[in-house]
S.K.: 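Take this structure first; my questions come after.
Positions are given from 1, in the same order as the sequence printed here.
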Amino acid sequence: MAESERHPEASKETQPPPSQTFMIPRKEINMVPDMAKWKRSQAYADYMGFILTLNEGIKGKKLTSEYKVSEPIEKLVTLLNTLDRWIDETPPVDQPSRFGNKAFRTWYAKVDQGAESLVATVVPRQQAEAVPEVAAYLKESVGNSTRIDYGTGHEAAFAAFLCCLCKIGVLRLDDQMAIVFKVFNRYLEVMRKLQKTYRMEPAGSQGVWGLDDFQFLPFIWGSSQLIDHPNLEPRHFVDEKVVNEHHKDYMFLECIRFITEMKTGPFPEHSNQLWNISAVPSWSKVNQGLIRMYKAECLEKFPVIQHFKFGSLLPIQPVAP
């Protein structure tokens, strides 16, 4: 075996590769001090750039507004519909404990085994080498099969999956609205169904890394949708009537509706952080505050980021100056 084959990095320096060399993403953040590497990495810059680009792209837009739906977007929705169908085909089992239904492991095994062939339906044949790398993020995005839990780290893996599809050119700049409104929104529906069907635990103690135990991104993007809304203000989202009237148009309100469906008791008690947000005067302030909070409470927390995987598309290498 040639030296360069054993160490592909070694040959990269001397001769530019004819095309991208893909790799199976792996964990790189093993100890708390490694978090500094993450914050300086190309992966962090690209991930955050992706989140903010989408945040800007859907500002003031409704879920029900008109937008372009490309073929890859349609294929991603079909992929998510398959995951949804697999839930129907894998009913919960009878077990003594109420939470963490073991049937989730059977469902997860299907996803684990099928991820690459699912991703291959979205990625053009000439880019087939990218499939194993991209599929790794899809596998990470649906929860943990050992703990039967789900949280913002899994959500981040799905955003990373979409970011990788952008980096290989499958998704494009004019797909922005469809990425959030059609694909990410469908992903949320499937994740809610998983949480309900298998009674999944929130990752971390009591969903500490999520705004509603499980998710964070739909609150960021959902608040961007509501910026400069003529009559809906942050104080309105705790009003059940407003939520019921507008949840089909706004991701943020759909999230609130799901919380009130899943939890009992007074809103300020079961969702204290969100209750505090309802006192912020404007949606643009909510949006800015949530972006800061997302960085601090999710992306800068070792328990979340220790599971993040790095490859050629989202590299651990520091950002090039």
Side-chain angles (χ1 to χ4, degrees), residues 1 4-13 15-30 34 37-38 40-51 53-54 70-73 75-80 82-83 108-145 152-173 175 179 183-184 187 217 299 304-320:
M1 190 195 243
S4 65
E5 272 172 55
R6 210 171 317 137
H7 301 289
E9 309 81 44
S11 59
K12 263 189 209 158
E13 306 309 322
Q15 60 200 69
S19 67
Q20 170 115 28
T21 313
F22 294 102
M23 61 182 276
I24 301 291
R26 55 173 186 249
K27 294 179 185 183
E28 300 277 2
I29 309 300
N30 302 309
D34 294 339
K37 276 199 302 198
W38 154 242
R40 284 197 302 268
S41 70
Q42 189 64 50
Y44 181 86
D46 290 349
Y47 178 86
M48 217 42 235
F50 179 68
I51 299 299
T53 301
L54 293 175
S70 63
E71 196 183 341
I73 293 285
K75 287 176 171 173
L76 280 165
V77 173
T78 304
L79 180 157
L80 290 163
T82 303
L83 300 188
Y108 183 88
K110 284 187 194 178
V111 179
D112 195 35
Q113 285 149 21
E116 288 190 19
S117 37
L118 287 172
V119 172
T121 63
V122 180
V123 174
R125 202 171 293 140
Q126 62 271 29
Q127 287 171 292
E129 295 102 70
V131 166
E133 178 164 346
V134 177
Y137 293 101
L138 180 65
K139 291 179 196 178
E140 293 287 315
S141 74
V142 294
N144 179 286
S145 67
T152 42
H154 303 110
E155 175 189 69
F158 191 76
F161 166 67
L162 296 173
C163 180
C164 289
L165 289 172
C166 288
K167 293 193 95 174
I168 60 173
V170 171
L171 296 173
R172 298 170 191 280
L173 205 56
D175 286 318
I179 288 172
V183 179
F184 190 79
Y187 164 75
L217 291 174
L299 301 185
V304 179
I305 296 305
Q306 64 176 331
H307 303 292
F308 197 88
K309 293 189 172 176
F310 301 85
S312 71
L313 296 167
L314 290 170
I316 188 69
Q317 280 70 29
V319 174

S.K.: Less than 3.5 Å apart, which donor and acceptor atoms pair up between the side chains of residues 120-127 and the rest of the protein, not counting sequence neighbours?
M.R.:
residue, atom, partner, partner atom, Å
Thr121, OG1, Leu118, O, 2.4
Gln127, NE2, Ile168, O, 2.5

S.K.: Say you draw a straight line from CG of Leu162 to CD1 of Ile51; how long is it, rounded to the nearest 0.5 Å?
M.R.: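 Leu162 atom CG to Ile51 atom CD1 measures 9.0 Å (nearest 0.5 Å).
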S.K.: Just do the side chain to side chain contact (heavy atoms under 4.5 Å, CB included) check on Ile305 and Leu299 with the steps written out, would you?
M.R.: CA-CA 6 Å; Ile305 296 305; Leu299 301 185; 4.2 Å; yes
S.K.: What are the two closest non-hydrogen atoms of Lys167 and Leu313, and how far apart are they?
M.R.: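 Result for this residue pair: NZ-O, 2.7 Å.
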S.K.: Give, for atom CG of Leu83 and atom NZ of Lys110, the distance between the pair rounded to the nearest 0.5 Å.
M.R.: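 So the gap between those two atoms works out to 11.0 Å.
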S.K.: Check the orientation of Tyr47 and Trp38. Use parallel for under 30°, tilted for 30 to 60°, and perpendicular for over 60°.
M.R.: tilted
S.K.: Please give me the minimum heavy-atom distance between Pro72 and Val170, naming the atom from each residue.
M.R.: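 Looking at all heavy atoms of both residues, the closest pair is CG-O, 3.4 Å.
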S.K.: With rounding to the nearest 0.5 angstrom, report the SG to CG distance, Cys163 to Leu54.
M.R.: 9.0 Å
S.K.: Under a 3.5 Å distance rule, please check whether Glu155 uses its side chain to pair with a backbone N or O of Leu217 as donor and acceptor.
M.R.: yes
S.K.: Please assess Leu314 against Tyr44 for the test side chain to side chain contact (heavy atoms under 4.5 Å, CB included), listing each intermediate value before the final yes or no.
M.R.: CA-CA 8 Å; Leu314 290 170; Tyr44 181 86; over 6 Å; no
S.K.: For Gln42 versus Ala320, what's the shortest heavy-atom pair and its separation?
M.R.: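 So the minimum-distance heavy-atom pair works out to OE1-N, 3.7 Å.
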S.K.: Do Asp175 and Val183 come within less than 4.5 Å of each other through their side chains, counting heavy atoms only?
M.R.: no
S.K.: Return the minimal non-hydrogen interatomic distance between Pro25 and Ala136, and the atom names on each side.
M.R.: CD-CB, 3.6 Å
S.K.: Going from SG on Cys164 to CG on Asp46, what distance comes out if it is rounded to the nearest 0.5 angstrom?
M.R.: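 Result: 9.5 Å between the selected atoms.
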S.K.: Please answer whether the main-chain N or O of Ser312 pairs with a side-chain N or O of Glu133 as donor and acceptor at a distance below 3.5 Å.
M.R.: yes
S.K.: Taking side chain as C-beta onward, heavy atoms only, is Leu165 less than 4.5 Å from Leu76?
M.R.: yes
S.K.: May I ask you to check whether Phe184 and Tyr187 place their ring centers less than 6.0 Å from one another?
M.R.: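 For Phe184 and Tyr187, the ring centres are under 6.0 Å apart.
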S.K.: Checking side chain to side chain contact (heavy atoms under 4.5 Å, CB included) for the pair Ile29/Phe310: CA distance, chi angles, key distance, verdict?
M.R.: CA-CA 9 Å; Ile29 309 300; Phe310 301 85; 3.9 Å; yes
S.K.: Taking all atoms of both residues into account, what is the closest heavy-atom pair of Phe50 and Cys166, and its distance?
M.R.: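 So the minimum-distance heavy-atom pair works out to CE1-SG, 3.5 Å.
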S.K.: Report the distance from atom OG1 of Thr53 to atom CG of Leu173, rounding to the nearest 0.5 Å.
M.R.: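 Output value for this atom pair is 8.0 Å.
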S.K.: When rounded to the nearest 0.5 angstrom, what is the spacing between CD in Gln317 and NZ in Lys37?
M.R.: 9.5 Å
S.K.: Considering non-hydrogen atoms only, spot the tightest contact between Asp112 and Lys139 and give its length.
M.R.: OD1-CD, 3.2 Å
S.K.: Do Lys309 and Lys27 come close enough that some side-chain heavy atom pair is under 4.5 Å?
M.R.: yes
S.K.: In terms of relative ring orientation, are Tyr137 and Phe308 parallel, tilted or perpendicular, with 30° and 60° separating the classes?
M.R.: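 Ring orientation of Tyr137 relative to Phe308: tilted.
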S.K.: Could you tell me whether the side chain of Asp34 and the main chain of Asn30 form a donor-acceptor pair under 3.5 Å?
M.R.: yes
